[in-house]
Amino acid sequence: MLHIEVIPELYHKNLWKYKAEGNVNVVLAFIGKNERFFGTVLRLRKTIISNQDTSIDNENSFENQDLSFSYASSVIGPLLGDEYISKSILLKVPQTFLKELSKAILPMRPENRIHKDIDFNQHYGILTYDHTIFASDTNLTLSIELKPKWAFLPSSPFINSEKFHSCRFCMHKYSKKILSNYCPLDLFSLDEVRLKRAIKELLSNPNNNLKMFIQGMQIHIGQGDWPTQLYEFFNFDQSSTDHKTQHQNVDQKNLLVMLLLCTILEEQILFKRLKQLQKTLDELDIEGIYKLFLEQRSNLHDPTLEEWQLIVKEYEQRIKSPDVPHLSMDGAQMRQRIYEFLMSTTLKDCSIIFTFQKSRFSDETKVADGTSLFFKEKVKFIPFSSDKIYFKYKVNVIDLDPKSVTKIPYYYDLDAMIVNNYMKCDDITKKKCIE
């Protein structure tokens, strides 16, 4: 269970600055002078504005938020790797503080997000580490947040045949009318040519799949002359004429592509693990899971943390032994597969954050520790050029909230809509994905 903190000195709107938000949460960065909290962010739940008057039971509110973040460290962490999951604390937040923050950040929020507001009924926020900076070092930092999405082509006997040839992300693009040639299967292939193509496509059309931060501030890719904002970060020491000639005209975007390419290949264990987990936790696809859901609906509930940990143990045993044919599953095995699918759904929607600083450090194998409020950061080093330029970096996986079993019908309907829309495309338009 998460440790609860009451810290009155943090309950001032002027100590927080709007940083980013998604569909579920808004993230605020600490900008106060207290060194204890430097490099931290406050994550607050959002709600549709019309729901603000809905009261939430205090105990249930704590249990839901406690599970949300204990789930990442205690359920997903042991599978994906504890080193990728950061620690957090549960911060009690007064309602007056939440309302003040809501007013203060409104001018900075994107127009397409303001139909939701900070949930004034929540009793706790999550105080955690700001992954877009190094807390122990104020030198210029570049951070890239990737949301890679689905890593595999399904092979379930239940699925529509279109799914054997086109990945979920590429099919979904047609429903969303997204102009992008990015395919997650290229990214997860870890083939240098395909990987480079995926990175370039993400930079050309980032949508919600790639975000960039410099010194903790988001840079909106594609708006204005954004590559020039990379120059200061990549501006190598030009003390010699030869070095100046070598680097002064280098395309900043190409440098970013190469940096990400090198780092992803360096961290390929993480990407292989993420792909394997997504695939083995979702062997039946939503079309097969929905059939089990209809049969077991009355016996299903959102698991507690302890129950999730047992589900993980059962999954680990299942993949080590011969599989039970889906037609021979008993009720417990059906429920197990449903809960495994929900874990896979979390992993399909997670984000990976790489954070970089330029370094002259010459031993690429060394791992350094940077101290923060919560833990020691694991910092790695990667060579980047022929003149002993290195980048130190860290990697974290975020957005690992548990999914509710009540969402199964929604996932089924969404999948059907995506496939039906995709089937209306002509054969020339359809993309054949390669795993």
On the 0 to 90° scale, with breaks at 30° and 60°, tag the [X]-[Y] ring pair as parallel, tilted or perpendicular.
| X | Y | answer |
| --- | --- | --- |
| F391 | F233 | parallel |
| Y393 | F356 | tilted |
| W308 | Y339 | perpendicular |

Any side-chain heavy atom of [X] sitting closer than 4.5 Å to one from [Y]?
| X | Y | answer |
| --- | --- | --- |
| I408 | I286 | yes |
| R168 | Y422 | no |
| L44 | L101 | yes |
| K196 | L260 | no |
| L305 | S74 | yes |
| L79 | L347 | no |
| D399 | D349 | no |
| Q336 | I311 | yes |

Is the count of non-hydrogen atoms from other residues, nucleotides or ligands lying under 6.0 Å from [X] atom [atom1] greater than 12?
| X | atom1 | result |
| --- | --- | --- |
| Y411 | OH | yes |
| E83 | CD | yes |
| K17 | NZ | no |
| E192 | CD | no |
| Q223 | CD | yes |

Please check this pair: side chain of [X] against backbone of [Y], looking for a donor-acceptor N/O pair closer than 3.5 Å.
| X | Y | value |
| --- | --- | --- |
| D285 | E287 | yes |
| S73 | S86 | no |
| Q215 | T141 | yes |
| S156 | L284 | yes |
| K19 | L42 | no |
| E435 | F152 | no |

Inspect the contact between K380 and E266 and indicate whether a charged nitrogen and a carboxylate oxygen are less than 4.0 angstrom apart.
->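 No, no charged N to carboxylate O under 4.0 Å.
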So which of Y129, W16, F38 actually passes ring pair (Phe, Tyr, Trp, His ring centres under 6.0 Å) with F30?
->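 Exactly one option meets the ring pair (Phe, Tyr, Trp, His ring centres under 6.0 Å) with F30, and it is W16.
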Side chains of Y11 and T96: is there a donor and an acceptor less than 3.5 Å apart?
->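 No, because no side-chain N or O of Y11 sits under 3.5 Å from a partner of the opposite role on T96.
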Which atom names give the shortest non-hydrogen contact between K275 and A151, and what distance separates them?
->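 For K275 and A151, the tightest heavy-atom pair comes out as CE-O, 3.5 Å.
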So which heavy atom on V41 is nearest to which on A29, and how close?
->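 Where V41 meets A29 most closely, the heavy atoms are CG1-CA, 4.1 Å.
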Out of D119, D130, D401, which one pairs with R43 under the salt bridge (Lys or Arg N to Asp or Glu O under 4.0 Å) rule?
->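 Checked D119, D130, D401 against R43; only one passes salt bridge (Lys or Arg N to Asp or Glu O under 4.0 Å): D401.
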Let me know which of K211, R109, K116 forms a salt bridge (Lys or Arg N to Asp or Glu O under 4.0 Å) with E21.
->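 Only one option passes, and that is R109.
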So Y182 and F169, ring-ring contact (aromatic ring centres under 6.0 Å, His included) or not? Walk me through it.
-> CA-CA 9 Å; Y182 167 67; F169 182 86; 5.3 Å; yes
Say you draw a straight line from NZ of K253 to CG of L255; how long is it, rounded to the nearest 0.5 Å?
->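 Atom-to-atom, K253:NZ and L255:CG are 12.0 Å apart.
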Charged tip of K392 within 45° of F134 ring normal and under 6.0 Å =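 K392 over F134 ring: yes.
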